Chemist: 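Encoded as structure tokens, here's the structure I'll be asking about.
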Amino acid sequence: MLTPQDDEAPARVRRLRELGIGKDPLPAFDDFARKLARTTDTPYAMVNFIDEREQYFAGLYVPDQDKAIELGPVPAGGRPGRVMARDHGYCPHVVVRRKALVLEDVCDYPRFAGNPVVDELGIRTYMGAPLIDHTGMTLGTVCVVDLEPRPWGREGLHTIKSLAAELVEQIGEMERRQKASESEES
């Protein structure tokens, strides 16, 4: 499986910086990931932003806890992070396609079944939608995954797209507050 070429990555990184979204977890995004998991009844949910080399889970929810926790590779300092390689998972495809992606059983799709998240993490189902802001930039994704196949159907597709639209509106509101605050300081 080849990760798609992402020509918008440099512009996306600039736009994310303008919005104040970097590589720090944001409580609002963790809360939104919790909402994603509960709404879709899935154990894992993410708010994911992607640059040229990696994916960053600014919002993360995992099973058996009522809060987000740190996951991902352990960097040199020993502290777990929220980073995953760009060629792992399905969100880079959603970002480049600019369309939602529903994989009820990833093993049914040869193009996606060979992804490292299948072998390394046991992911069997995926549903994600792009976060496209008012400038037309695809900022990242919202997604949910499970270790068992899931029949998402049209209802699941509608749900993930609606939740993505809701988060885009929240990001727009964050930007409006940020600009208002900068205006007051000037």
Side-chain angles (χ1 to χ4, degrees), residues 6 8-9 11-51 54-72 82-84 89-104 106 117 123 125-146 150-182:
D6 184 359
E8 286 190 347
R12 178 180 318 106
V13 170
R14 285 190 301 275
R15 178 72 180 127
L16 290 169
R17 284 188 189 127
E18 287 173 11
L19 294 168
I21 298 171
K23 299 241 172 139
D24 293 316
L26 293 175
F29 291 156
D30 281 341
D31 291 344
F32 200 86
R34 179 183 300 112
K35 179 179 182 171
L36 282 167
R38 288 184 176 161
T39 302
T40 60
D41 192 30
T42 54
Y44 302 93
M46 285 77 69
V47 174
N48 188 9
F49 299 103
I50 301 170
D51 66 20
E54 58 193 17
Q55 303 176 64
Y56 176 70
F57 304 120
L60 180 62
Y61 187 82
V62 299
D64 302 326
Q65 297 197 24
D66 192 33
K67 61 179 182 157
I69 65 165
E70 298 290 325
L71 284 183
R82 294 176 179 238
V83 176
M84 186 166 71
Y90 311 105
C91 290
H93 294 270
V94 171
V95 166
V96 171
R97 291 166 28 119
R98 300 173 58 87
K99 290 173 43 178
L101 177 63
V102 177
L103 303 170
E104 293 182 344
V106 297
V117 297
I123 301 302
T125 192
Y126 170 90
M127 184 168 59
L131 300 170
I132 302 173
D133 77 354
H134 68 88
T135 69
M137 176 62 61
T138 304
L139 303 173
T141 67
V142 292
C143 69
V144 294
V145 297
D146 200 343
R150 300 277 298 259
W152 299 111
R154 289 185 189 268
E155 183 179 333
L157 179 62
H158 174 74
T159 298
I160 199 73
K161 289 167 71 174
S162 295
L163 288 164
E166 183 180 327
L167 185 57
V168 166
E169 184 56 38
Q170 284 184 13
I171 291 169
E173 183 57 34
M174 287 170 44
E175 181 179 28
R176 288 186 285 279
R177 284 194 308 265
Q178 178 184 18
K179 286 182 178 179
S181 175
E182 289 169 359

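Since this is a predicted model, take the numbers as computed values, not measurements.
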Chemist: Under a 4.5 Å cut-off applied to non-hydrogen side-chain atoms, are Ile50 and Cys91 in contact?
Modeler: yes
Chemist: Are Val168 and Ile132 close enough that some pair of their side-chain heavy atoms sits under 4.5 Å apart?
Modeler: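 In short, these two side chains do not touch, never coming nearer than 4.5 Å.
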Chemist: Can you check whether Leu163 reaches Thr39 side chain to side chain, under 4.5 Å on heavy atoms?
Modeler: yes
Chemist: Begin from the C-alpha positions of Val95 and Leu139 and carry the test side-chain contact (heavy atoms from CB on, under 4.5 Å) through to its verdict.
Modeler: CA-CA 8 Å; Val95 166; Leu139 303 173; over 6 Å; no
Chemist: Heavy atoms, side chains only, cut-off 4.5 Å: are Tyr126 and Cys143 in contact?
Modeler: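 The answer is yes, as the side chains (C-beta and beyond) meet within the 4.5 Å cut-off.
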Chemist: Please check if the distance between the ring centroids of Phe49 and Tyr56 is under 6.0 Å.
Modeler: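 No - the distance between ring centres of Phe49 and Tyr56 does not fall below the 6.0 Å cut-off.
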Chemist: Quick one, Val142 and Asn48 - any side-chain contact, counting heavy atoms below 4.5 Å?
Modeler: no
Chemist: Less than 4.5 Å apart, side chain to side chain, heavy atoms only: is that true for Met127 and Arg150?
Modeler: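 No, too far: nothing below the 4.5 Å cut-off.
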Chemist: Is any NZ, NE, NH1 or NH2 atom of the basic residue among Arg14 and Glu8 found under 4.0 Å from an Asp or Glu carboxylate oxygen of the other?
Modeler: no
Chemist: Hey, does the side chain of Arg97 reach the backbone of Ala100 with a donor-acceptor pair shorter than 3.5 angstrom?
Modeler: yes
Chemist: Check whether any side-chain N or O of Thr125 sits under 3.5 Å from a backbone N or O of Glu104 as a donor-acceptor pair, and report yes or no.
Modeler: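 Present.
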Chemist: Any chance the rings of Tyr61 and Phe29 have centres within less than 6.0 Å?
Modeler: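 Ring-ring flag for Tyr61/Phe29: false, centres at least 6.0 Å apart.
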Chemist: Regarding Arg15 and Glu175, does a basic nitrogen lie under 4.0 Å from an acidic carboxylate oxygen?
Modeler: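 Answer for the salt bridge query: yes.
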Chemist: Might you work through the side-chain contact (heavy atoms from CB on, under 4.5 Å) test for Leu167 and Val47, ending with a clear yes or no?
Modeler: CA-CA 9 Å; Leu167 185 57; Val47 174; 3.7 Å; yes
Chemist: Do Trp152 and Thr40 get their side chains close enough for a donor-acceptor pair, meaning under 3.5 Å?
Modeler: no
Chemist: Begin from the C-alpha positions of Leu103 and Tyr90 and carry the test side-chain contact (heavy atoms from CB on, under 4.5 Å) through to its verdict.
Modeler: CA-CA 9 Å; Leu103 303 170; Tyr90 311 105; 3.9 Å; yes
Chemist: Can you list the steps and then say if Asp146 with Ile123 is a side-chain contact (heavy atoms from CB on, under 4.5 Å)?
Modeler: CA-CA 6 Å; Asp146 200 343; Ile123 301 302; over 6 Å; no
Chemist: Could you go through Glu182 and Arg177, starting from their C-alpha distance and side-chain angles, then the distance that decides it, and tell me whether this counts as salt bridge (Lys or Arg N to Asp or Glu O under 4.0 Å)?
Modeler: CA-CA 9 Å; Glu182 289 169 359; Arg177 284 194 308 265; over 6 Å; no
Chemist: Going by the rule side chain to side chain donor-acceptor pair (under 3.5 Å), which residues pair with Gln170 if we only count those two or more places apart in sequence or in a different chain?
Modeler: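 Here no residue qualifies.
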Chemist: Check this for me: does any side-chain nitrogen of one of Asp51 and Arg12 sit under 4.0 Å from a carboxylate oxygen of the other?
Modeler: no
Chemist: With no hydrogens and no angle check, is any side-chain donor or acceptor of Ser162 less than 3.5 Å from a backbone partner on His158?
Modeler: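 Yes: the side chain of Ser162 pairs with the backbone of His158.
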